[in-house]
Structures are given as structure tokens and as C-alpha cells.
There are 2 protein chains.
Amino acid sequence: MSEKREQLENIATDAVQRGGLHNLSFRTLADRVGVKSSSVHYYFPEKSHLAAALIARYSADFAAALQAINADKKGVIKKLDAFVKIFEDAVSNEKFCLCGMMAAEVESLDEANRTALGTYFQHTEDWLTDVISEGQPNGDLKPRAIARTLLSGMEGAILLDRVNGQRHYLKAQRDLIRVLISN
Amino acid sequence: MSEKREQLENIATDAVQRGGLHNLSFRTLADRVGVKSSSVHYYFPEKSHLAAALIARYSADFAAALQAINADKKGVIKKLDAFVKIFEDAVSNEKFCLCGMMAAEVESLDEANRTALGTYFQHTEDWLTDVISEGQPNGDLKPRAIARTLLSGMEGAILLDRVNGQRHYLKAQRDLIRVLISN
DNA sequence: GTCTATATACAGATAGAC
DNA sequence: GTCTATCTGTATATAGAC
């Protein structure tokens, strides 16, 4: 991937995590990178192509981060705490999850991008399900149900915590994990 | 409140719950109501005034719905199920929570509207805390922590379920309630 | 209270020179 | 690959007639 393209994707990702796709124009993006908007169109002919590139890259990076957790952390709680930390870091930088943000904008996404979003959430849910299955999850809930609870809980927590810049909702999710899972 | 103003707020609320404030223009809103955009400006001089009116009305309607639950439902689980149903109905109509949607757009809201959003979430959290305190909540979590878990869980669930039009995440939240609370 | 008309700014997108 | 220039559409917002 060309350096310029990568730079555009970096800055666009940051902007979308903060303000959403709708809030990012080709001109603003171009200005921040120091080129003209027509040059952005060279890399991403239409805005939907830019959205697709951002989702693909974010999904790949996120999957790599989850793999890194698998490799580095031992024990369910430590893995889940590392998972929560990804979201805490986002809130600390006043960012939302890129795919969470786009999920709010789903009505204005094309079908391909909606599918890509769905795949991101599915993969994350699968990873959580696998991790939870390693430990001793609450007997009244299946690992997948817990995974869904935590994934949507995390997205909602970051959404709400961003409103006032605090981390109360993420903290509650962290507490919930300790109640639902042992080891 | 004039009939026209109410009609504008009704249609605007619906539009924002589906596509966000950014996706709703004075022209689109005017077209749907059958007036000109300058007439919309008569009621809401600036877009931030429209946003403020929508948040205020939604907050009042939501508070009334919670009061109705208090009056009509007996028992914690029944009250919380009625609470979840509000969100399920939204997803069924392909809508997000108005304040959840605006929370995603928080970066482009002015300070007054951010505060109003925060108040909405605070009041809902308070209601949940009170309801949960009535029953026998999980001993390892304070009622307020459970309330935060459920509120952010609900917002996240509706956000994610809307991506593919299903209700898996809301279902998981409903299951979670049964594990965290007895009676 | 609603309209026509308009100001001004910005959006996404394209043609063609260099 | 990046630019200038431009098209076309739409955004928020306002002035002033009716």
C-alpha cells in the first residue's frame, strides 16, 4: 500500500471514530493530509470505497489485536480485561469504535458495507465466545449469550461514556465480567 | 404547541432515530410535512434548536413511559422486561434510541445539547437503579452498577441488532437480566 | 405563519493539464 | 499521482412579500 493511501486511511479512521463518516468530507480529509480533494478521489473514487477500506483495515487490525491477546494473556479474566482496555483507550482518546460508529450510520451505508460491518461484529463475538468457553462461565448463560452481552455492552458503554468523557459504563462492564466468569 | 410544530417534531424524531441528525435536512423535513424549509426555520431558527426540542420531547416521553411501567407492572422482572420491550419495538421499526443516535453524533452537538443528552441517560439510569433496588439483585454488584450495565447494554444491543435487523443482542440482554436479578 | 427568492457555503464527483 | 478548474446538487440560513 502506498504511503499516501495509508496516511489517508489513518487520518480518515481517526476522523470517523470521532465524528462519523457523515462528518468527514473529502475536502477535510484532503486538507489534513495536505493534498487536494481530487487526489483523495484518485485513491477512493467514491465515498463508499473509502468506507469499505476503513472497515476492512479496522477489522484486520482488531483481529490482530485479539490474536495478540490470545498469545500474550493467560486466563479468561486477563484476556477479557485486555479486551476492555481496547475500548477504554478509545474513550480516553475521545474516540468511538469505528464499526460502532458506522453501525449508527447503517442507514446510509450500501449493502456491501453493511455486510462488512456485520462480519466485524460476528468475528468479535466469536472470539469472545471462544475465550469465555475456556473458563468457568455462569451456568445459566451459554458462552455465546455472555459474548453477546459483553460485546453489545462494550459498544453501548463507549457510546454513553463519550457523552461526558467519563468511564463509568465501561467500569460497570468490567465489574460484570467478574460476576459472570470465574478463572 | 401548534399542530404544525408537533408534526415537524414527530417526523423529525422518526428521521433522526433512523438516520441521525446529520442525515436530516430542513428541506427533507419540510418536504415530508408538506411545507417549505423556510417554514421549518420559523419554528426552529437553527438546527441546534431542533435538536434541543427533539431531545427534550423524547426525554419527557421516555420518562412518562417509565412512570407508566411503575404504575402498571408489579415485580422487578416484569418492569425490566417492559423496559426492554421499548427497545425491541424500536428495532422492530428499524429505529435506534433518539438519544443513543445523538450520542454517536456528540462531537457535532453544542454544549447545551450534550448536557441534555447526559441528563436523559442519568434519569434512565436512576430509574433502573430504583427498580433494581426493589428486588434481590446479585450480591456482588451494586444496583447502580447493574443499572449501568443494563442501560449501556441496551443501547449497544439496539445499535448492533440494527445492523442486520435481528434481535440477538437484545435477547442476550433479556437473559442477562434473569441471571442478575431475582423476583 | 407560509411563501418565494436568494445568499453563502460545502458536499461528492469528474475532466483534463502536468 | 497530483493538480486546477468546474459541474451539480444540497446544506443552513435569511430577507421580505403576502
Side-chain angles (χ1 to χ4, degrees), chain A residues 1-55 57 98 101-102 104-114 116, chain B residues 1-55 57 101-102 104-114:
Chain A
M1 179 156 62
S2 79
E3 195 193 324
K4 215 60 163 185
R5 187 190 177 95
E6 196 172 358
Q7 211 181 340
L8 286 165
E9 291 187 3
N10 284 341
I11 292 184
T13 297
D14 186 271
V16 172
Q17 285 188 255
R18 290 176 199 281
L21 194 63
H22 230 100
N23 240 338
L24 176 67
S25 70
F26 277 72
R27 286 181 179 163
T28 308
L29 177 55
D31 285 349
R32 292 199 191 154
V33 174
V35 294
K36 295 297 171 182
S37 71
S38 47
S39 295
V40 179
H41 277 284
Y42 170 77
Y43 294 101
F44 310 102
E46 298 180 20
K47 204 172 185 183
S48 62
H49 300 172
L50 173 61
L54 298 187
I55 296 170
R57 213 184 60 137
L98 180 107
M101 182 63 89
M102 287 199 184
E105 301 177 291
V106 68
E107 209 204 38
S108 49
L109 293 181
D110 63 25
E111 201 47 44
N113 281 328
R114 287 183 200 194
Chain B
M1 178 156 60
S2 80
E3 194 193 325
K4 218 51 163 192
R5 187 190 178 94
E6 197 172 357
Q7 212 180 340
L8 286 166
E9 291 187 5
N10 284 341
I11 292 184
T13 297
D14 186 271
V16 172
Q17 285 188 257
R18 290 175 200 282
L21 193 64
H22 231 99
N23 240 340
L24 177 67
S25 71
F26 277 70
R27 286 181 182 166
T28 308
L29 177 55
D31 285 348
R32 291 199 192 154
V33 174
V35 293
K36 294 297 171 183
S37 71
S38 47
S39 296
V40 181
H41 278 284
Y42 169 78
Y43 294 100
F44 311 101
E46 297 179 22
K47 204 173 185 183
S48 62
H49 301 173
L50 174 61
L54 299 187
I55 296 170
R57 212 184 59 137
M101 183 63 89
M102 287 201 184
E105 301 178 291
V106 69
E107 210 203 38
S108 49
L109 293 181
D110 62 26
E111 201 48 43
N113 281 327
R114 287 184 200 193

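All values below were derived from every heavy atom in this structure, side-chain atoms included, with hydrogens, water molecules and symmetry-related copies excluded. First the proteins, then the strands, lettered A, B, ... as listed; each starts at 1. All figures in this text were calculated on a predicted structure; none of them were measured in a lab.
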| Using the ring of each side chain (for Trp, its six-membered ring), is H41(B) parallel, tilted or perpendicular to F26(B), with breaks at 30° and 60°? | parallel
R27(A) atom CZ is separated from dC3(D) atom C1', nearest whole Å, by 15 Å
task: Check the pair M102(A) / I55(A) against side chain to side chain contact (heavy atoms under 4.5 Å, CB included), numbers first and verdict last.
output: CA-CA 9 Å; M102(A) 287 199 184; I55(A) 296 170; 3.5 Å; yes
- Task: May I ask you to evaluate whether Y42(A) reaches the phosphate of dT2(D), defined as a side-chain N or O under 4.0 Å from OP1 or OP2?
- Result: no
Per nearest nucleotide of DNA chain C, the residue lying toward the 5' end, H41(A) or K36(B), is K36(B)
From NZ of K47(A) across to P of dG9(D) the rounded distance in Å is 19 Å
When rounded to whole Å, the CG to P distance for the pair N23(A) and dC10(C) reads 13 Å
Rounded to whole Å, the CZ-C1' distance (F26(A) to dG9(D)) equals 16 Å
Here the distance between atom P of dG1(D) and atom CE of M1(A), to the nearest Å, is 13 Å
H22(B) atom NE2 is separated from dT10(D) atom C1', nearest whole Å, by 13 Å
Contact class for L29(A) vs. all strands (heavy atom < 4.0 Å): base, sugar-phosphate, or nothing?
nothing
### Message
Could you tell me if R32(A) and N10(A) have a donor-acceptor pair between their side chains, going purely by distance under 3.5 Å?
### Response
no
Notebook entry, point to check: Quick one: does S38(A) reach the base of dT14(C) with a side-chain donor-acceptor pair under 3.5 Å?
Noted result: no
### Salt-bridge contact R18(A)-D14(A) (side-chain N to carboxylate O under 4.0 Å)
yes
Think S25(B) has a side-chain N or O under 4.0 angstrom from the OP1 or OP2 of dT10(D)?
no
Here the distance between atom P of dT12(D) and atom CG of D31(B), to the nearest Å, is 12 Å
- For S39(A) and dG1(D), is the shortest distance between a side-chain N/O and OP1 or OP2 below 4.0 Å? no
